[in-house]
Amino acid sequence: MTEGFLVFIEQRNGQIRKASLEALSEAYRLSEKVGGNVTALIVGKDVKALAGNLPKYHPHKVLVADSGDLANYSTEGYAAALAEGIKAVAPKYVFAANTSMSKDLLPRVAARLDAPCVSDVTDFELDGKNLLPKRPQYSGKAYTVYEFNSDLAFMTLRPNVFAAQESSNNVNCPIEDVQVSTGDIRAKVTETHAAAGNKIELSEASIIVSGGRGIKGPENWPVLQSLCDELGAALGASRAVVDAGWIDHQHQVGQTGKTVSPQLYIACGISGAIQHLAGMNSSKVIVAINNNPEAEIFKHATYGIVGDCLEVVPKLTDALKQMHANG
Ligand SMILES: Cc1cc2nc3c(=O)[nH]c(=O)nc-3n(C[C@H](O)[C@H](O)[C@H](O)COP(=O)(O)OP(=O)(O)OC[C@H]3O[C@@H](n4cnc5c(N)ncnc54)[C@H](O)[C@@H]3O)c2cc1C
């Protein structure tokens, strides 16, 4: 009988993803209800020091798969590492953040082990000691609650939905190595070139300022970027402006872009099409700036400002600048 949780901790360039810490914290909270231990697994090269940051998120154990061959993400290498982690602790549930990496990795390992995989989980229900993950369907119009008929199940958790819960006390737990046979990796990433873009990863940002066709043209991105700089926000976009070539696809929010769930989402000149809403309607506070009082986005917004976003946004930026200058 399998028991407990294994949480895959994603790191890139020596930085642990915040969304992985959220998944780890949620595993801990759920383990208090359904029982079982929580193990964190971190994979990469020279990641032992990073592993030392994990005990304060309450795992019972941390596993480290450290190898030069795992320096860059490769599906085969990381799948081998995750499979070793599963072999070591025989968990009932495998968690990861719903990121590009995990969306590649978890279904592969799940298929290999003939186990189910549910992605983009936003909530959990309980059936006794069993977890029933819940995820949005049809662009958030409906929810599906899943019941597993297996001893092992994989889930990716939507970033910014579950709170990362760090202990203020000095917490310790065993940190152990797992050996991974990396000889079978047929495709290796030898170099990566990051595209210029957001300093803050869109799917993990607490604040997003997004622009749509209402910003009139790509020459007006600096207007939104100044507001982003004042707020420490990431810059998002609707598909209309991505398709028009005004900005790179990595900024796109929505059904065919990124799903985001920030504390604050400011939609500037965005109409509120269902496909856009699908990517951001779980934001905690939505502010819409649109010159059409009938725009659909206002039906979903917490606060609405009817006006020209190219006039309203600079005023907001100036007000924030003033506020920051006054301490
Ligand atoms: C299969 C499929 C997948 C899709 N996936 C996505 C997706 O992932 N993400 C996405 O965003 N869309 C997606 N779309 C496209 C979506 O249907 C809309 O076409 C798109 O979201 C519209 O972008 P927009 O709001 O920027 O433009 P528009 O719909 O043209 O809206 C512009 C808005 O700006 C307002 N406006 C104009 N001037 C100003 C001004 N000066 N100040 C303030 N407001 C102003 C207008 O009143 C209007 O409401 C998808 C469509 C399909 C069919």
Side-chain angles (χ1 to χ4, degrees), residues 98-100 103 119-120 122 135-142 156 158-161 195 197-198 200-205 207-228 230-231 233-262 264-320:
N98 191 48
T99 62
S100 310
K103 281 191 270 187
S119 60
D120 202 21
T122 56
R135 59 157 297 182
Q137 299 284 8
Y138 306 119
S139 302
K141 284 198 197 118
T156 64
R158 182 181 288 192
N160 275 336
V161 169
N198 274 318
I200 307 161
E201 165 61 32
L202 196 59
S203 54
E204 288 184 3
I207 307 177
I208 294 173
V209 176
S210 254
R213 217 167 353 215
I215 73 155
K216 305 293 181 211
E219 66 280 6
N220 290 322
W221 286 120
V223 176
L224 268 57
Q225 188 59 56
S226 301
L227 182 57
C228 287
E230 283 309 311
L231 288 169
L235 182 64
S238 72
R239 175 164 164 177
V241 297
V242 171
D243 285 352
W246 296 2
I247 196 164
D248 189 82
H249 179 262
Q250 62 167 307
H251 294 267
Q252 185 182 317
V253 172
Q255 188 183 318
T256 44
K258 288 189 175 141
T259 303
V260 298
S261 208
L264 172 61
Y265 188 90
I266 306 181
C268 309
I270 291 178
S271 57
I274 182 75
Q275 297 89 353
H276 188 80
L277 294 169
M280 46 62 79
N281 63 3
S282 60
S283 305
K284 312 289 177 299
V285 172
I286 298 172
V287 175
I289 309 170
N290 198 300
N291 63 2
N292 174 8
E294 304 298 324
E296 177 68 22
I297 190 86
F298 286 130
K299 294 189 191 143
H300 306 268
T302 326
Y303 302 101
I305 303 173
V306 179
D308 181 344
C309 60
L310 298 175
E311 287 175 14
V312 175
V313 171
K315 283 187 183 150
L316 286 177
T317 310
D318 285 347
L320 280 162

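Residue indices begin at 1 and follow the sequence shown. Just follow the structure's listing: the first ligand is 1, and inside any ligand the first atom is 1.
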Passes side-chain contact (heavy atoms from CB on, under 4.5 Å), Q255 versus L277? Steps please. CA-CA 8 Å; Q255 188 183 318; L277 294 169; over 6 Å; no
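- Within ligand 1, counting atoms from 1 as listed, the ones closer than 4.0 Å to a heavy atom of G257 are 8 (O).
- None of C268, P314, C309 except one satisfies the side chain to side chain contact (heavy atoms under 4.5 Å, CB included) rule with V223; the exception is P314.
- Within ligand 1, counting atoms from 1 as listed, the ones closer than 4.0 Å to a heavy atom of S238 are 11 (O), 23 (O), 24 (P), 26 (O).
- Atom OG of S119 is separated from atom CZ of R135 by 4.5 Å, given to the nearest 0.5 angstrom.
- Checked options V285, V253, V209; the residue passing with Y265 is V253 (criterion: side chain to side chain contact (heavy atoms under 4.5 Å, CB included)).
- Inter-residue side-chain proximity for P136 and T122 is flagged as met; some heavy-atom pair is nearer than 4.5 Å.
- Heavy-atom contacts of G212 reach the following atoms of ligand 1: 26 (O) (cutoff under 4.0 Å).
- In summary, the atoms of ligand 1 found under 4.0 Å from a heavy atom of Q255, numbered by their order in the structure, are 7 (C), 8 (O).
- A distance of 4.5 Å separates CG in N220 from CG in L310, rounded to the nearest 0.5 Å.
- Summarising the geometry, atom CG belonging to N160 is positioned 8.0 Å from atom OG belonging to S203; distances are rounded to the nearest 0.5 Å.
- Applying the 4.0 Å criterion to heavy atoms of N292 picks out, from ligand 1, the atoms 47 (O).
- Residue V241 does not touch ligand 1, judged by heavy-atom distances below 4.0 Å.
- Counted by atom type alone, T256 and R239 present one or more donor-acceptor pairs between their side chains at under 3.5 Å.
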Evaluate S226 against T317 for side chain to side chain donor-acceptor pair (under 3.5 Å), listing each step before the verdict. CA-CA 7 Å; S226 301; T317 310; 5.8 Å; no
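- Using a 4.0 Å threshold on non-hydrogen atoms, atom 12 (N) of ligand 1 counts as touching the protein.
- The protein heavy atom nearest to atom 45 (C) of ligand 1 is N291 OD1, 3.3 Å.
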Apply side-chain contact (heavy atoms from CB on, under 4.5 Å) to residues L264 and I266 and explain how you reach the verdict. CA-CA 7 Å; L264 172 61; I266 306 181; 4.0 Å; yes
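- Numbered from 1 in the order shown, with element, the atoms of ligand 1 that lie under 4.0 Å from a heavy atom of V253 read 7 (C), 8 (O), 9 (N), 10 (C), 11 (O).
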From CA spacing to verdict: side-chain contact (heavy atoms from CB on, under 4.5 Å), I270, N290: CA-CA 7 Å; I270 291 178; N290 198 300; 5.7 Å; no
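- Within the listing of ligand 1, atoms 42 (N), 43 (C) sit less than 4.0 angstrom from a heavy atom of G307.
- Taking all atoms of both residues into account, the shortest heavy-atom contact from L202 to A234 is CD1-CB, 3.8 Å.
- If you check which protein heavy atom lies closest to atom 30 (O) of ligand 1, you get R213 NE, 2.8 Å.
- Among protein heavy atoms, the minimum distance from atom 22 (C) of ligand 1 is reached at A240 CB, 3.9 Å.
- In terms of protein heavy-atom proximity, atom 2 (C) of ligand 1 is nearest to R239 NH1, 3.6 Å.
- Considering only non-hydrogen protein atoms, atom 41 (N) of ligand 1 sits nearest to D308 OD1, 3.0 Å.
- Contacts between A273 and ligand 1, counted as non-hydrogen atom pairs separated by less than 4.0 Å, involve the side chain only.
- In this structure, the protein non-hydrogen atom closest to atom 37 (C) of ligand 1 is G214 CA, 3.5 Å.
- The N/O atoms of L310, backbone and side chain alike, include none that comes under 3.5 Å of an N/O atom in ligand 1.
- Atom NZ of K315 has 12 or fewer neighbouring heavy atoms from other residues, nucleotides or ligands inside a 6.0 Å radius.
- Given atom 25 (O) of ligand 1, the protein heavy atom at minimum distance is S271 N, 2.8 Å.
- Considering both main-chain and side-chain atoms, C309 comes within under 3.5 Å of ligand 1 through a nitrogen or oxygen pair.
- Note on ligand 1: E296 sits outside its first shell, no heavy atom being nearer than 4.0 Å.
- The nearest non-hydrogen atom to atom 14 (N) of ligand 1, considering only Q252, Q275, E311, K258, comes from Q275.
- The protein heavy atom nearest to atom 5 (N) of ligand 1 is T256 OG1, 2.6 Å.
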side-chain contact (heavy atoms from CB on, under 4.5 Å) evaluation trace for E201 with K258: CA-CA 11 Å; E201 165 61 32; K258 288 189 175 141; 3.9 Å; yes
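- Heavy-atom proximity to G254, at under 4.0 Å, picks out these atoms of ligand 1: 7 (C), 8 (O), 9 (N).
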